[in-house]
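Below is one structure, written out as structure tokens; comments come after it.
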Amino acid sequence: MTSITAASIPLMVDAFYARVRDDAVLGPVFASKLEGKWDQHMPRMVAFWTKVLLGTGEFEGNVFAKHMALNGIGKEHFVRWLALFRMTAIEVFGIEESAAAIQVAERIAGSLQLGFFGEIQV
């Protein structure tokens, strides 16, 4: 277990997205948009999580708009995304250290759920 640092965030991001790619619920959604593009996407995800967790970095982009363009997103996708994120954050950062990252992930999921469904469902 390690603290949330610029060096540990890539470990968490890599482990998390490896689980996402292998997941029966999330894998197909991500594959439909990112197949053959993972090498370009992963540095953006590291930059995003570095920005939101540490307040540093160069990430720029409209995360909300990108996700709102996805079709076929349901409650089950958010349940799985949060479960995998929580599991990975705890595994990489430990229970105490992961709390801040999990809180951010829950806020992001809530915002996206409001956009998709008009309410927070999980």
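Everything numeric in this text was worked out from a predicted model, so none of it was measured.
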Listed pairs under 3.5 Å, donor-acceptor, residues 102-118 side chains, sequence neighbours left out:
residue: Glu106; atom: OE2; partner: Arg86; partner atom: NE; Å: 3.3
residue: Glu106; atom: OE2; partner: Arg86; partner atom: NH2; Å: 2.9
residue: Gln113; atom: OE1; partner: Gln121; partner atom: N; Å: 2.7
residue: Gln113; atom: OE1; partner: Val122; partner atom: N; Å: 2.9
residue: Gln113; atom: NE2; partner: Ala109; partner atom: O; Å: 3.2

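The OG1 atom of Thr50 sits 8.5 Å away from the CE atom of Met12 when rounded to the nearest 0.5 Å. The distance from atom CG of Leu54 to atom CH2 of Trp49, rounded to the nearest 0.5 Å, is 11.5 Å. Separating the CD1 atom in Ile90 from the CD atom in Glu96 is a distance of 10.5 Å, to the nearest 0.5 Å. Expressed to the nearest 0.5 Å, how far CD of Gln40 lies from CG of Leu34 amounts to 9.5 Å. The distance from the CD1 atom of Ile4 to the CD1 atom of Ile9 is 6.5 Å, given to the nearest 0.5 Å. Note that the CD atom of Glu58 and the CZ atom of Arg44 stand 12.0 Å from one another [nearest 0.5 Å].
Residues forming a side chain to side chain donor-acceptor pair (under 3.5 Å) with Ser8 (at least two apart in sequence, or on another chain): Thr5. Every residue meeting the ring pair (Phe, Tyr, Trp, His ring centres under 6.0 Å) condition with Phe48, not counting sequence neighbours, appears here in chain and number order: Phe59. Residues passing the side chain to side chain donor-acceptor pair (under 3.5 Å) test with Arg80, sequence neighbours excluded: Asp23. Applying the side chain to side chain contact (heavy atoms under 4.5 Å, CB included) criterion to Val29, with sequence neighbours excluded, gives Ile73, His77.
In this structure, the side chains of Phe30 and Glu35 stay at 4.5 Å or more apart for every pair of heavy atoms.
Evaluation of the salt bridge (charged side-chain N to carboxylate O under 4.0 Å, His left out) test over residues 3-20, restricted to residues two or more places apart or in two chains, returns Arg19-Glu91.
The minimum heavy-atom distance linking Ala15 with Thr88 is given by the pair CB-CG2, 3.7 Å.
If you chain together hydrophobic residues whose side chains sit under 4.5 Å apart, Trp38 and Val46 fall into the same group.
Checked against the 6.0 Å centroid criterion, the rings of Phe16 and Trp81 qualify as a close aromatic pair.
By the neighbour-count criterion of 12 heavy atoms within 6.0 Å, atom CD of Glu119 is densely surrounded, having more than that number from other residues, nucleotides or ligands.
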